[in-house]
Amino acid sequence: MSNDGKKEITLPFNLSVRDLAAQLNASPVQVIKILMSNGVMASINQQVDFDTAAVVASELGFTPQLQKEEVKVEETGEIPLWRRVIMDEDPTKLENRPPVITILGHVDHGKTTLLDAVRHTNVAGGEAGGITQHIGAYQVTHKNRLITFLDTPGHAAFSSMRARGAKGADIVILVVAADDGVQPQTKEAVNHAKAAQVPIVVALNKIDKPDANPDLVKRQLAEIGLQPDEWEGDTFVVPVSAKTRKGLDDLLETILLVADNMVIKANPKGACIGTVVEAKLDKTTGPMATLLVQNGTLKVGNVIVAGESYGKIKAMFDQRHKRIDKAGPSTPVMVMGLDHLPDAGDLFQVVENEREARQIVEGRKAERESRRSLKRATLEELFAKVKSGETKELRLILKADVRGSLEPIVNSLEDLGKKEKDISIQVLHSETGNITESDVALAAASNAVILGFNVDVDQNTKHLAEAEGVSIRVYKIIYRLLEDVEKALKGLLEPEMVEKVIGTAQVLATFKVSKAGMAAGCRVLDGEIRRNASVRVVRAGEVVFTGEISSLKREKEDVRDVREGMECGISIKNFEAFEIGDIIESFVMEKFGG
């Protein structure tokens with residue numbers, strides 16, 4: 001109890017209106033009314049800063065105190081490194097920075113056109129004609145305030161950034177065509193944004209078309225949890241035409257309105273850290289990377305580490321490809337000087353010298369080698385976490401062949417979740433079609449399991465899932481799928497077995513062996529070829545045979561394994577059609593997660 005008799009309450013640096021109401025034991029409507037009486041227009045899911053929350057708390061009889069830890073832990077249980085850096089800064093040195101925006105939506109709904117319209121309408125620091133090179137991000141000004149746009153439309157790229165701990169965007173603009181409405185990729189984009197806990201503003205595009213039906217689209221938006229603000233909801237829906245540029249000022253105004261209800265700060269003089277937006281190899285300058293500074297100030301001559309690449313910045317360019325010497329928070333820049341290309345979504349940070357940079361990169365490479373053994377989200381592991389109290393939610397992504405299969409599976413999963421007291425089932429995304437890399441990106445970012453019914457998974461998606469530690473289970477019978485989920489909830493599910501490639505060899509020659517028929521003279525390219533492991537023969541990217549080794553020889557001696565760089569003779573049971581150039585992969589089956 002404080003000296004004035006009011007009850008003390010500790011509040012974070014920023015929180016949503018809903019969370020503020022819960023902490024004050026008040027209704028959200030009551031909190032919104034107090035905010036309105038103080039000139040603040042905020043919806044239930046919008047963020048307010050401590051100063052604003054303190055006014056509400058005081059009116060409800062509390063004495064507010066600022067919580068020391070200012071950043072909310074994300075759903076994955078991890079705080080992105082750049083956010084931790086800002087947490088460690090002196091709060092009195094934090095300054096407002098421009099909001100960072102990314103644009104998502106269904107294909108052909110006008111994402112790229114809208115980006116182009118915004119970029120060429122009002123480019124910060126010069127006319128649109130001054131932009132000589134696309135750098136993956138740019139800034140515009142509206143009412144003398146900067147807004148940063150990430151020119152990387154697509155929810156897969158957005159989720160990939162978040163999966164690496166970046167979460168580069170502060171606000172998502174969801175583009176929905178007024179003549180086409182909510183489509184599968186619209187729903188998927190919404191799921192990605194919600195999983196990232198990022199506010200959504202809807203740009204209702206193509207309102208100039210004669211068959212546009214805004215009211216129908218707003219109803220569809222409400223059905224997927226985006227209740228328009230004009231219908232007493234908490235989602236701003238802004239009519240625009242990227243083609244005629246109608247409504248663009250309204251969209252920029254709305255972005256700033258949402259940003260004003262969030263805490264978007266950084267310390268320009270603090271530790272420099274940010275995110276890789278994109279990277280490409282230039283024939284004349286070598287690796288070029290577009291970076292988004294999120295804290296501190298990046299300068300020419302700084303040594304940076306970006307993922308598994310590093311180097312001293314030799315030159316830095318702004319969005320008009322003009323040389324600059326430094327860049328502050330929320331500023332996108334293209335840099336030259338890295339030893340090789342980093343991945344989009346990698347975090348970068350300034351370090352003391354190149355020796356320290358090399359040590360960091362070597363450590364990250366060692367971590368990558370062991371990443372496959374890290375436990376992520378298998379069904380059985382999630383149950384173990386439930387028993388230990390680590391989690392209360394089983395997150396699933398569901399893909400099925402047809403809508404008629406999808407709906408009963410979702411309904412049955414929801415029924416299963418209702419029966420369990422200790423854990424809930426959340427279907428983050430459900431859609432028809434094959435399992436894709438985008439599904440894996442969402443699963444990796446959200447610690448979810450992917451379930452498929454009568455669908456396929458291509459090799460690229462399998463490889464990404466393996467690299468990210470994402471569990472994919474595909475079924476042909478619905479009750480088997482539901483049975484496995486139920487067993488997982490009860491701790492009875494058998495561990496999932498996954499394939500692990502342990503080595504590859506290339507066929508250099510073929511020859512006849514009296515007892516074994518045709519054999520292949522090979523060189524091991526990486527890993528090892530084991531006598532007791534399974535193998536497959538790959539020709540021009542296609543698997544032509546899968547089986548077992550009948551004979552493995554090194555210098556005419558039978559051996560158990562042959563390692564990288566060595567030559568050997570390989571015979572395979574029931575296969576003789578070797579061709580020079582074939583790749584032989586050696587693989588084993590292991591429990592998922594090691």
Legend entry - Side-chain touch Asp318/Thr331, heavy atoms, less than 4.5 angstrom: no
Legend entry - Val276 side chain reached by Leu291 side chain, heavy atoms, under 4.5 Å: yes
Legend entry - Check: Leu281 and Leu341 side chains under 4.5 Å, non-hydrogen atoms: yes
Legend entry - Non-hydrogen atoms of Lys218 and Trp231 that approach each other most closely: CB-CH2, 3.5 Å
Legend entry - Nearest heavy atoms of Ala465 and Ile472, plus distance in Å: CB-CD1, 3.7 Å
Legend entry - Flag, side chain of Lys399 to backbone of Asn434, donor-acceptor distance under 3.5 Å: yes
Legend entry - Test item: Lys280 and Met334 side chains (from C-beta on) under 4.5 Å apart, heavy atoms: yes
Inset, instruction - Could you give me the CA-CA distance, side-chain angles and deciding distance for Val17 and Val56, then say whether side chain to side chain contact (heavy atoms under 4.5 Å, CB included) is met? - result: CA-CA 10 Å; Val17 171; Val56 178; over 6 Å; no
Inset, instruction - For residues Val277 and Leu150, report the shortest heavy-atom separation together with the two atoms involved. - result: CG2-CD2, 3.9 Å
Inset, instruction - Identify which one of Ile200, Asp250, Val258 satisfies the side-chain contact (heavy atoms from CB on, under 4.5 Å) criterion when paired with Phe236. - result: Val258
Inset, instruction - Applying side-chain contact (heavy atoms from CB on, under 4.5 Å) between Lys326 and each of Thr297, Val300, Leu298, report the one that passes. - result: Thr297
Legend entry - Beyond-backbone contact of Glu414 with Val410, side-chain heavy atoms, under 4.5 angstrom: yes
Inset, instruction - Would you confirm whether Asn295, through its side chain, and Ala266, through its main-chain N or O, come within 3.5 Å as a donor-acceptor pair? - result: no
Inset, instruction - List the steps and the verdict of side chain to side chain donor-acceptor pair (under 3.5 Å) for Gln227 and Thr235. - result: CA-CA 6 Å; Gln227 184 83 0; Thr235 302; over 6 Å; no
Inset, instruction - Would you check if the side chain of His340 reaches a backbone N or O of Glu308 as a donor-acceptor pair within less than 3.5 Å? - result: yes
Inset, instruction - Give, for atom CD1 of Ile273 and atom CG of Leu292, the distance between the pair rounded to the nearest 0.5 Å. - result: 11.5 Å
Inset, instruction - Measure the shortest side-chain to side-chain distance between Leu248 and Leu252 over non-hydrogen atoms and say whether it is less than 4.5 angstrom. - result: no
Legend entry - Reported CD-to-CG distance for the pair Gln294 and Asp170, which is rounded to 0.5 angstrom: 8.5 Å
Legend entry - Heavy-atom donor-acceptor pair, Gln139 side chain to Ser330 backbone, under 3.5 Å: yes
Inset, instruction - State, to 0.1 Å, how close Val237 and Pro228 come at their nearest heavy-atom pair, and which atoms those are. - result: CG2-CB, 3.9 Å
Inset, instruction - Please step through side chain to side chain contact (heavy atoms under 4.5 Å, CB included) for the pair Thr186 and Leu174, ending with a clear verdict. - result: CA-CA 8 Å; Thr186 314; Leu174 179 69; 4.1 Å; yes
Inset, instruction - Working to the nearest 0.5 Å, report the span between OG1 of Thr113 and CD1 of Ile103. - result: 10.5 Å
Legend entry - Over all atoms of both residues, closest heavy-atom pair of Val455 and Ala400: CG1-C, 3.5 Å
Inset, instruction - Could you check Phe348 against Val293 for side chain to side chain contact (heavy atoms under 4.5 Å, CB included), going step by step and ending with a plain yes or no? - result: CA-CA 9 Å; Phe348 79 84; Val293 181; 4.2 Å; yes
Legend entry - Spacing of CD1 belonging to Ile147 relative to CG belonging to Leu251, to within rounding of 0.5 Å: 8.0 Å
Legend entry - Results of side-chain hydrogen bond (donor to acceptor under 3.5 Å, both in side chains) for Ser309 - residues two or more places apart only: none
Legend entry - Check: Thr275 and Leu347 side chains under 4.5 Å, non-hydrogen atoms: yes
Inset, instruction - Indicate yes or no: at least one non-hydrogen side-chain atom of Met262 is less than 4.5 angstrom from one of Ile171. - result: yes
Inset, instruction - Please answer whether the main-chain N or O of Ala137 pairs with a side-chain N or O of Glu278 as donor and acceptor at a distance below 3.5 Å. - result: no
Inset, instruction - Would you check if the side chain of Ser241 reaches a backbone N or O of Lys246 as a donor-acceptor pair within less than 3.5 Å? - result: no
Inset, instruction - Could you tell me which non-hydrogen atom of Thr148 sits nearest to which non-hydrogen atom of Pro98, and how far apart they are? - result: OG1-CB, 4.0 Å
Inset, instruction - Go through the side-chain N and O atoms of Asp439 and Thr436 and say whether any donor and acceptor fall under 3.5 Å apart. - result: yes
Inset, instruction - Flag yes if more than 12 heavy atoms outside Asp90 fall under 6.0 Å of its CG atom; otherwise flag no. - result: yes
Legend entry - Test side chain to side chain contact (heavy atoms under 4.5 Å, CB included) applied to Val176 and Asn205, step by step: CA-CA 6 Å; Val176 185; Asn205 195 23; over 6 Å; no
Inset, instruction - State the CD-CD distance between Gln183 and Gln220, to the nearest 0.5 angstrom. - result: 7.5 Å
Inset, instruction - List the steps and the verdict of salt bridge (Lys or Arg N to Asp or Glu O under 4.0 Å) for Lys265 and Glu89. - result: CA-CA 11 Å; Lys265 293 178 179 288; Glu89 297 283 0; over 6 Å; no
Legend entry - Pairwise distance NE2(His321) to CZ(Arg323) - rounded to 0.5 angstrom: 8.5 Å
Legend entry - Under the side-chain hydrogen bond (donor to acceptor under 3.5 Å, both in side chains) test, residues paired with Asn302 that sit two or more places apart: none
Inset, instruction - Kindly write out the residues that satisfy side-chain hydrogen bond (donor to acceptor under 3.5 Å, both in side chains) with Arg219, not counting sequence neighbours, or none if the list is empty. - result: none
